[in-house]
Structures are given as C-alpha cells and as structure tokens.
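Everything below concerns the one structure shown next.
As the structure lists them, so they are numbered: ligands from 1, and atoms in each ligand from 1. In this chain, numbering begins with 1 at the start of the sequence shown.
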Amino acid sequence: MTSRRRTKRILVTGGAGFLGSHLCEQLLGQGHEVLCVDNFFTGTRRNVEHLLKNPSFELLRHDVTFPLYVEVDEIYNLACPASPIHYQFDPVQTTKTSVHGTINVLGLAKRVKAKVLQASTSEVYGDPEMHPQAEEYWGRVNPIGPRSCYDEGKRCAETLFFDYHRQHALQIKVARIFNTYGPRMHPDDGRVVSNFVVQALSNRDITVYGDGRQTRSFCYVDDLVQGLIAMMETDSRVTGPINLGNPGEFTIRELAELVVELTGSRSEIVYKPLPQDDPRQRKPDIDRATRILGWRPAIDLREGLVRTIEYFRAQITA
Ligand code: NAD
Ligand code: UDP
Ligand code: UDP
C-alpha cells in the first residue's frame with residue numbers, strides 16, 4: 001500500500017513542534033519528501049533531530065508571518081503556539097501567526113497549486129452550549145478575552161481557508177483538532193496531561209484547577225496524525241471542517257487519579273483557581289470523520305498515558 005504511493009513534496013509549518021514532529025516522521029515513513037518550517041518559538045530542533053540524517057528531510061528556520069517561496073505539492077499548516085501559556089505570552093504575535101501566517105501559506109498554496117490543510121482547533125467552539133460538539137455548531141467564543149488571540153485567530157484562519165477555496169478554487173482541508181497528548185509535549189507548557197505527568201513523576205502536588213469536574217477528551221498523538229494524513233488524502237470535494245479527537249470523555253479529576261495510579265506516585269491532588277474562560281465540557285462528535293475518512297482513534301487514555309509517562313520518565317532521568 002505505502003510503496004505504491006507517489007512521492008510528494010510536503011511542507012509542514014510548525015513541523016518542529018509536538019504534533020508537527022510526529023507528522024513529519026509519519027510522512028517520511030511513507031516515503032515522502034518533507035520540508036519542515038519552524039521559528040522554534042515552542043518547537044525545538046531536538047524534536048526532529050532524529051530525522052535530520054534522512055535525505056528526504058529538510059529543516060528551515062522561518063517565521064510564517066513572512067512570505068515563503070518554495071515548491072511543494074501539499075502543505076500542513078500547523079504553525080501556531082497551542083498552549084495558553086505560550087499563546088498568551090505574545091498575543092499579538094499569536095494572532096499574526098494565525099492570520100498573516102495563514103495568508104502567506106494560502107498564497108503559497110495558490111501559486112504552486114498545492115493542497116493545503118489547516119490545523120484548526122476545538123477552541124473555535126469556545127465554551128460550547130452544544131455537547132458533544134458537531135461541525136455544524138458555530139461556537140460561543142469571547143472575542144476580547146485572554147484566549148481570544150488564539151480562538152479568534154484560528155476562526156479567522158478557517159474563514160481565510162474557505163474564502164481562498166471559494167475565490168481561488170484552492171483545495172483545502174480544515175481539521176478541528178481536540179486535545180491531543182503524547183511524547184514530545186512541552187514539559188512546561190501548562191497543558192493538563194504534561195503538567196500532571198511531570199508533577200506525578202517528581203512526586204509534586206498535582207494541580208487540579210477548579211473543582212476538577214470540567215471534562216476533556218484526550219486523543220493520543222499517533223491516532224491524531226493518522227487522521228490528519230487521512231484527511232489530506234481525501235478528494236477535492238472534502239474540505240471539512242472535520243473534527244479529529246477521541247470522544248472518550250473524562251473529568252480532570254479522573255485524569256489526575258489515573259496519572260497517580262499509572263505512575264505509582266506519592267503526589268497529592270490539590271485544587272487551584274480555575275482560569276478565566278476555561279470551557280466546562282469538551283467532547284468531539286467524530287461521526288463525520290468516521291463516515292468520510294473511515295477514521296477513529298485506536299489508543300485509549302490508559303494506553304496512551306502509559307506511553308507518555310514512559311517518555312517523560314526518560315526525559316526526567318536523562
Ligand atoms: P506546538 O507549540 O508544539 O507546535 C507549534 C509549532 O509552531 C512550534 O514548533 C512553534 O515553534 C511553531 N510556530 C509558532 N509560531 C510560528 C511562526 N510564526 N512561524 C513558524 N513556526 C511557528 O503545538 P502543537 O500541540 O504541536 O500544535 C500544532 C498545531 O495544532 C497548532 O496549530 C495548534 O493550534 C493545533 N492544535 C493542537 C492541539 C493539541 O492538543 N496539541 C489541539 C488543537 C489544535
Ligand atoms: N505568498 C507567499 N509565497 C508564495 C506566494 C504568496 O508567501 O509563494 C504570500 C504573499 O506574500 C502574499 C500572500 O502570500 O502576501 C497572499 O498571496 P495572494 O497571491 O493570495 O495575494 P496577493 O499576493 O495578491 O496579496
Ligand atoms: N488543568 C488543570 N491543571 C493543570 C492544567 C490544566 O486542572 O495543571 C485544567 C484546565 O483548567 C482545563 C483542562 O485541565 O480545564 C485542560 O487544560 P489544557 O490547558 O490542557 O487544555 P484546554 O483548556 O485548552 O482544553
């Protein structure tokens with residue numbers, strides 16, 4: 001199957017980040033040429049170090065808010081800090097990355113007639129009144145809060161994708177990614193899985209925000225990357241948006257307890273204030289992904305956490 005695929009030149013923006021590095025790895029594994037573009041704001045060379053010796057892999061330091069002239073067949077647009085700590089560090093740059101960066105990527109796709117996929121997010125649904133969230137739902141997003149640079153930036157990026165599609169007949173794919181976790185997450189980016197795992201492995205208090213009854217659905221990175229590639233491979237009629245995530249829903253407290261159990265940690269669970277605009281519930285409706293892509297996640301939370309814990313244990317003891 002893989003060997004019959006045509007070799008393509010694929011650009012991955014944000015390719016040195018958590019999801020991007022796994023995506024580059026998978027695409028190279030399928031025999032494609034991969035150009036990874038990253039400004040290393042949250043990503044690192046270390047995430048892709050193991051790929052550098054592969055002659056089909058190229059790494060370019062570049063900020064997508066500036067134009068980029070390269071020749072490629074497909075583009076995965078992942079460039080954008082994804083965790084609140086990082087995207088709120090320089091909120092104007094975050095919006096620029098989603099808006100100016102996306103315009104440049106779409107301009108590039110238009111010039112070279114490349115298929116282009118946007119890594120959008122469940123945050124476009126904001127703090128939702130509809131549960132689980134299906135793609136038809138328009139969302140409930142605060143336009144002026146601390147999360148807005150990310151949420152509205154990503155919403156505007158979706159608008160740009162659909163306008164380039166309608167106005168310039170670009171082949172677009174918009175994937176709405178729900179919380180994803182796994183090896184190479186930033187250990188200190190404040191996201192819940194990395195926080196809890198690192199806290200548990202170092203026997204520090206596990207910090208649950210609010211009462212811990214808010215829910216999230218966690219998708220293991222390998223499943224997610226397969227979903228992105230499956231979406232890129234669809235024919236031109238499929239534009240999305242398509243939700244990609246694991247519909248298993250857990251409270252944050254359940255997650256904390258599971259991490260303590262799987263690490264055998266002596267950590268205590270402690271409660272801290274809930275951040276502003278923190279969504280109460282989040283769970284993807286993945287009917288569309290299953291119907292159109294034949295995709296559904298295969299790795300459950302327990303198994304994914306075991307793999308993630310293994311990675312962080314090795315990092316901490318290294
Ligand atoms: P990440 O921070 O590890 O990766 C983002 C990458 O983009 C980093 O390598 C960073 O250095 C790079 N980057 C940021 N601004 C850039 C710019 N202006 N120019 C070039 N590179 C830039 O985060 P991630 O979790 O791998 O997320 C990847 C993408 O997926 C993001 O667009 C994010 O919004 C989206 N997403 C992720 C999740 C998740 O749970 N991980 C959920 C929804 C959406
Ligand atoms: N662009 C780019 N690489 C390309 C082609 C375009 O970075 O290969 C950028 C270019 O700087 C432009 C943006 O993409 O500002 C949008 O391009 P488009 O052709 O849609 O618009 P225009 O050039 O007319 O502004
Ligand atoms: N969270 C928590 N403790 C932490 C980090 C996060 O309880 O140390 C909570 C956070 O308030 C949110 C959930 O876990 O309710 C998921 O947070 P994350 O930042 O990972 O993702 P997002 O809010 O973007 O879904």
Side-chain angles (χ1 to χ4, degrees), residues 12-23 36-44 47-48 60-72 76-87 90 93-94 96-98 100-112 114 118-124 147 150 153-154 157 160 164 167-168 170 175-182 184-186 189-196 198-199 206-219 221 224 228 244-245 251-253 255-256 271-275 277-280 282:
V12 180
T13 74
F18 159 52
L19 295 182
S21 61
H22 288 273
L23 177 62
C36 168
V37 163
D38 206 294
N39 70 349
F40 302 128
F41 174 50
T42 51
T44 61
N47 282 341
V48 290
L60 174 68
R61 180 195 284 263
H62 173 80
D63 184 324
V64 293
T65 61
F66 296 97
L68 175 66
Y69 288 82
V70 292
E71 309 305 313
V72 290
Y76 290 85
N77 188 33
L78 272 61
C80 186
S83 80
I85 289 183
H86 291 137
Y87 70 66
D90 184 349
Q93 170 69 11
T94 301
K96 276 189 193 166
T97 296
S98 278
H100 294 188
T102 297
I103 290 175
N104 287 330
V105 163
L106 289 166
L108 168 62
K110 182 180 129 199
R111 182 179 60 79
V112 300
Q118 169 66 358
S120 190
T121 167
S122 53
E123 300 284 339
V124 300
R147 294 175 86 109
Y150 183 73
K154 288 285 189 179
L160 287 162
Y164 267 78
Q167 204 173 324
H168 301 298
L170 234 67
R176 290 187 180 150
I177 303 170
F178 283 65
N179 298 56
T180 301
Y181 69 100
R184 299 193 208 121
M185 283 182 97
H186 238 271
D189 74 358
R191 280 189 273 188
V192 69
V193 173
S194 42
N195 265 16
F196 286 2
V198 171
Q199 288 165 342
I206 297 200
T207 54
V208 169
Y209 301 157
D211 60 11
R213 287 191 297 176
Q214 71 271 35
T215 68
R216 291 293 187 275
S217 304
F218 301 101
C219 187
V221 61
L224 195 278
L228 292 177
L244 294 178
T251 66
I252 295 304
R253 199 190 153 94
L255 176 72
Y271 293 86
K272 302 269 183 193
L274 191 68
D277 293 343
D278 197 90
R280 248 179 327 100
R282 193 176 304 125

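- At a 4.0 Å heavy-atom cut-off, ligand 1 touches Gln93 through the side chain alone.
- Contacts between Pro279 and ligand 3, counted as non-hydrogen atom pairs separated by less than 4.0 Å, are absent for every part of the residue.
- With a 4.0 Å heavy-atom cut-off, ligand 1 is reached by the backbone of Asp63 and by its side chain too.
- Those atoms of ligand 2 with a heavy atom of Ile103 less than 4.0 angstrom away are 13 (C), 14 (O), 16 (C).
- Proximity of a side-chain donor or acceptor of Thr215 to a complementary backbone N or O of Thr251 within less than 3.5 Å is not detected.
- Listed by number with element, the atoms of ligand 2 under 4.0 angstrom from any heavy atom of Pro67 are 7 (O), 11 (O).
- Where the criterion is an N or O separation shorter than 3.5 Å, residue side chain and backbone included, Arg147 meets it with respect to ligand 3.
- Closest to atom 27 (O) of ligand 1 among all protein heavy atoms lies Ala82 CB, 3.7 Å.
- At least one donor-acceptor pair closer than 3.5 Å links the side chain of Thr94 to the backbone N or O of Tyr87.
- Numbered from 1 in the order shown, with element, the atoms of ligand 3 that lie under 4.0 Å from a heavy atom of Asn179 read 21 (O), 22 (P), 25 (O).
- Ligand 1 has no N or O atom lying under 3.5 Å from any N or O atom of Val37, backbone or side chain.
- Each of the following atoms of ligand 1 lies closer than 4.0 Å to a heavy atom of Arg191: 23 (O), 25 (O), 39 (C), 40 (O), 41 (N).
- Set against the non-hydrogen atoms of Phe40, the atoms of ligand 1 under 4.0 Å away are 11 (O).
- Residue-to-ligand polar distances keep Pro81 apart from ligand 1: every N/O pair is separated by 3.5 Å or more.
- Atom 34 (O) of ligand 1 has its closest protein heavy atom at Tyr150 OH, 2.5 Å.
- Residue contacts with ligand 2: Phe66 is excluded, as none of its non-hydrogen atoms falls under 4.0 Å.
- In this structure, Asn104 contributes its side chain and Thr65 its backbone to a donor-acceptor pair below 3.5 Å.
- Checking only distances, Val192 does come within under 3.5 Å of ligand 3, N or O to N or O.
- For ligand 3, the atoms closer than 4.0 angstrom to any heavy atom of Asn195 are 4 (C), 5 (C), 8 (O).
- The protein heavy atom nearest to atom 7 (O) of ligand 3 is Tyr209 N, 2.7 Å.
- Checked by distance only, ligand 1 and Thr42 come closer than 3.5 Å through their nitrogen or oxygen atoms.
- Distances below 4.0 Å separate heavy atoms of Asn179 from the following atoms of ligand 1: 40 (O).
- Considering each of Thr180, Leu78, Thr121, the one bringing a non-hydrogen atom nearest atom 31 (C) of ligand 1 is Leu78.
- In this structure, Arg282 has a heavy atom closer than 4.0 Å to ligand 3.
- Neither the backbone nor the side chain of His168 has any atom closer than 4.0 Å to an atom of ligand 2 (non-hydrogen atoms only).
- Here the straight-line distance linking atom OG1 of Thr42 with atom CG of Asp189 works out to 8.5 Å at 0.5 Å rounding.
- Of the candidates Gly153, Ser98, Gly17, Gly15, it is Gly17 that places a heavy atom closest to atom 4 (O) of ligand 1.
- Residue contacts with ligand 1: Asn39 is placed with a nitrogen or oxygen under 3.5 Å of a nitrogen or oxygen of the ligand (distance criterion only).
- Between Ala79 and ligand 1, no N or O atom pair is found at a separation short of 3.5 Å.
- Protein heavy atom at the shortest distance from atom 2 (C) of ligand 2 is Leu68 O, 3.5 Å.
- Under a 4.0 Å heavy-atom criterion, Glu123 is in contact with ligand 3.
- Using a 4.0 Å threshold on non-hydrogen atoms, atom 24 (O) of ligand 2 does not count as touching the protein.
- Residue-to-ligand polar distances place Lys154 within reach of ligand 1: an N/O pair is separated by less than 3.5 Å.
- The closest donor-acceptor contact from the side chain of Ser194 to the backbone of Gly190 lies at 3.5 Å or more, if one exists at all.
- Listed by number with element, the atoms of ligand 3 under 4.0 angstrom from any heavy atom of Val208 are 7 (O).
- Residue contacts with ligand 1, taken as heavy atom pairs separated by less than 4.0 Å, do not involve Glu123 at all.
- Using a cutoff of 4.0 Å between basic side-chain nitrogens and carboxylate oxygens, Arg147 and Glu123 are scored as salt-bridged.
- Summary of contacts: the protein heavy atom closest to atom 9 (O) of ligand 1 is Asp38 OD2, 2.5 Å.
- Residue-ligand proximity: Arg213 is placed with every non-hydrogen atom at 4.0 Å or more from ligand 3.
- The shortest contact between atom 5 (C) of ligand 1 and any protein heavy atom is with Cys80 O, 3.2 Å.
- Heavy-atom proximity to Pro275, at under 4.0 Å, picks out these atoms of ligand 3: 11 (O).
- Contacts between Ser83 and ligand 1 below 4.0 angstrom, taking non-hydrogen atoms only, are absent altogether.
- Scanning all protein heavy atoms for the shortest distance to atom 17 (O) of ligand 2 gives Gly107 CA, 3.4 Å.
- Residue Ile177 has no N or O atom closer than 3.5 Å to an N or O atom of ligand 1.
- Within a 4.0 Å radius of atom 19 (O) of ligand 2, the protein contributes one or more non-hydrogen atoms.
- Protein heavy atom nearest atom 12 (C) of ligand 2, with residue, atom name and distance: Asn104 OD1, 4.1 Å.
- The nearest heavy-atom contact from the protein to atom 13 (C) of ligand 3 is Ile252 CD1, 3.6 Å.
- Not a single donor-acceptor pair under 3.5 Å links the side chain of Arg213 to the backbone N or O of Arg280.
- Heavy-atom proximity to Gly43, at under 4.0 Å, picks out these atoms of ligand 1: 8 (C), 9 (O), 10 (C), 11 (O).
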Begin with the C-alpha distance, continue with both residues' side-chain angles, and end with the deciding distance and a verdict on side-chain contact (heavy atoms from CB on, under 4.5 Å) for Phe18 and Thr180.
-> CA-CA 10 Å; Phe18 159 52; Thr180 301; 4.3 Å; yes
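- Protein heavy atom nearest atom 44 (C) of ligand 1, with residue, atom name and distance: Ser120 O, 3.4 Å.
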